[in-house]
Amino acid sequence: MDEMLTALLARRRSVRGFMPADVPADQMRRIFSNAQLAPSNCNVQPWIVHIVSGGKAAEMRQALEGAATDRSEVRPDFELTEGYAGIYRSRQIDAAKALFAATGVGREDPQARRASFIRNFRFFDAPHAAFIFLPPWAGWREAADVGMYAQTLMLALSAEGLASCAQGALSHHADVVKRVLGVDEELRLLFGIAFGFEDPDHPANQTRTDRAPIAENHCFHG
C-alpha cells in the first residue's frame, strides 16, 4: 500500500477538542468538492449536507445544548441502537474508559460524565459542523452510501491538516437541527461531523483507541 495513503488513514481519528480558528472558505470548498468523489450505488449521491459556521454554528450549539441539558425527548430520524452486546459492548467500554481516563472523568462521578456527554452538542467546540441528511425515499443502501461519503470527507479533511469527529449524538434532536437550518422536515438526519483545527493540548485528544486484529471481523475465502 502506498505510504502516503497508510499515513493518511492512520492520521484520521476522532478529535474532541478544537481550536476556535475558522477553516478558510476556499479550503472548505476544496475539501467538500473532493468528498463529492465518494462512490454511491448507481451514482445517485444521496447525501444532502448542511455546513454550519460562525453565527449559525453558535445558534446550533446553543439550541442542541439546550435540548440536551433540559433532557428534552430524543427524537432521531433513525432509531437508536438500544445497546451493544458481546465484543461490541467491550469495544464501546474500552473506548469510553480511554476517553474518561484522558479527561479525568471518574466512573462514579455522574455529573462529570454528564458534562462530558453534553460536549457532544457543542461539537466539542469545533468552529464548524456538517449535518448529513438523506432524502425521504432513501433506505439502508443509501445510508451505506452516506457512510462512504463521510469517510471520504474525513480523509479529505485529514489530507488538508484538519481534524474531525463523526457524531451520532448530533442526530438525537433532529427536529431542533431542522428548525435551526430551516430545512424540509421530511429530510432525515443521519449524523453530523464536527471539524476544524485540532487543539493538541486538549486532554481528550491524548486518547488513542485500538483496532481489533483483522482476524476478529474478516474471513478470507478462496
Side-chain angles (χ1 to χ4, degrees), residues 11-25 27-29 31-32 35 47-72 74-78 80 95-96 99-100 102-103 105 112-133 146-147 149-158 160-183 187-207 209:
R11 191 185 313 157
R12 191 231 50 89
R13 61 191 181 86
S14 295
V15 164
R16 295 179 173 86
F18 292 84
M19 304 291 284
D22 288 336
V23 177
Q27 184 180 22
M28 194 182 302
R29 288 194 173 275
I31 288 167
F32 281 89
W47 46 83
I48 300 168
V49 187
H50 286 261
I51 301 104
V52 295
S53 306
K56 184 58 71 173
E59 181 185 355
M60 185 70 78
R61 275 191 290 268
Q62 183 178 21
L64 286 176
E65 184 176 3
T69 302
D70 293 342
R71 299 181 183 271
S72 299
V74 174
R75 293 179 178 175
D77 288 330
F78 292 87
L80 300 179
L99 177 61
F100 288 159
T103 55
V105 176
R113 289 166 69 93
R114 178 69 180 169
S116 179
F117 177 67
I118 292 295
R119 291 192 66 241
N120 280 276
F121 302 100
R122 297 200 305 267
F123 332 143
F124 304 115
D125 298 319
H128 313 281
F131 293 85
I132 306 179
F133 296 84
V146 168
Y149 168 83
Q151 174 73 343
T152 305
L153 172 58
M154 289 186 287
L155 289 175
L157 287 162
S158 293
E160 294 265 354
L162 297 169
S164 64
C165 186
Q167 295 185 253
L170 293 183
S171 71
H172 287 188
H173 301 281
D175 54 334
V176 174
V177 172
K178 293 173 192 177
R179 173 174 54 79
V180 172
L181 294 176
V183 301
L187 292 181
R188 296 191 293 165
L189 177 60
L190 198 54
F191 57 90
I193 299 177
F195 67 95
F197 294 96
E198 178 180 357
D199 178 357
D201 296 325
H202 196 286
N205 293 336
Q206 311 313 309
T207 304
T209 53

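Everything numeric in this text was worked out from a predicted model, so none of it was measured. Positions are given from 1, in the same order as the sequence printed here.
Between Gly196 and Val23, the shortest heavy-atom contact is CA-CG2, 4.1 Å. Nearest approach of Asp201 to Gln206, heavy atoms of both residues: C-NE2, 4.3 Å. Here the closest heavy-atom approach between residue Val105 and residue Ser116 is recorded as CG2-CB, 4.4 Å. Across every non-hydrogen atom of Phe18 and Ala163, the tightest pair is CE2-O, 3.6 Å. Contact detail for His173 and Leu64: the closest heavy-atom pair is CB-CD2, 4.0 Å. Across Thr207 and Ala102, no two heavy atoms sit closer than the pair OG1-CB, 3.2 Å.
Here the side chains of Thr69 and Ile118 are in contact, with some heavy-atom distance below 4.5 Å. Side-chain contact between Ile31 and Leu153 is present, with heavy atoms from C-beta onward closer than 4.5 Å. The closest side-chain heavy-atom distance from Phe124 to Val15 is not below 4.5 Å. Residues Phe133 and Leu181 meet the side-chain proximity criterion, which asks for heavy atoms closer than 4.5 Å. In this structure the side chain of His172 reaches within 4.5 angstrom of the side chain of Leu80, judged on heavy atoms.
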message: With side-chain contact (heavy atoms from CB on, under 4.5 Å) as the criterion, how do Phe78 and Ser171 come out once you've worked through the C-alpha distance, each side chain's angles and the decisive distance to 0.1 Å?
response: CA-CA 8 Å; Phe78 292 87; Ser171 71; over 6 Å; no

message: For a side-chain contact (heavy atoms from CB on, under 4.5 Å) check, start with the C-alpha distance between Val146 and Phe191, then their side-chain angles and the critical distance, and finish with the verdict.
response: CA-CA 10 Å; Val146 168; Phe191 57 90; 3.9 Å; yes

message: Between Asp125 and Arg122, is the salt bridge (Lys or Arg N to Asp or Glu O under 4.0 Å) condition met? List the steps.
response: CA-CA 5 Å; Asp125 298 319; Arg122 297 200 305 267; 3.6 Å; yes

message: Show, in sequence, the C-alpha distance, side-chain angles and deciding distance for Phe195 and His128, and conclude whether the ring-ring contact (aromatic ring centres under 6.0 Å, His included) test is met.
response: CA-CA 6 Å; Phe195 67 95; His128 313 281; 5.2 Å; yes

- prompt: What do the steps show when you test Arg119 against Thr103 for side-chain contact (heavy atoms from CB on, under 4.5 Å), and what is the final call?
  reply: CA-CA 12 Å; Arg119 291 192 66 241; Thr103 55; 6.0 Å; no

query: Hey, mind stepping through Phe197 and Leu162 against side-chain contact (heavy atoms from CB on, under 4.5 Å) and telling me if it holds?
result: CA-CA 5 Å; Phe197 294 96; Leu162 297 169; 3.3 Å; yes

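Other residues, nucleotides and ligands place more than 12 heavy atoms under 6.0 Å from the CZ atom of Arg114. Other residues, nucleotides and ligands contribute only 12 or fewer heavy atoms inside 6.0 Å of the CD atom of Gln62.
Taking 4.0 Å as the cut-off between side-chain N and carboxylate O, Arg11 and Glu198 do not count as a salt-bridged pair.
Atoms CD1 and CZ, on Ile48 and Arg188 in that order, are 10.5 Å from each other to the nearest 0.5 Å. From Ile193, atom CD1 reaches atom CZ of Phe131 across 10.5 Å, with rounding to the nearest 0.5 Å. In this structure, the separation between CG on Asp175 and CG on Leu189 is 10.0 Å, given to the nearest 0.5 Å.
Proximity of a side-chain donor or acceptor of Gln167 to a complementary backbone N or O of Asn120 within less than 3.5 Å is detected. Formation of a donor-acceptor pair under 3.5 Å by the Asn205 side chain with backbone atoms of Gly17 is found in this model. Using modelled atom types, one side-chain atom of Arg61 and one backbone atom of Ala126 make a donor-acceptor pair closer than 3.5 Å. Checked by atom type and distance alone, the side chain of Lys56 pairs as donor or acceptor with a backbone atom of Val180 at under 3.5 Å.
Ring geometry for Tyr149 against Trp47 counts as parallel: the plane angle stays under 30°, on a 0 to 90° scale with 60° as the upper cut.
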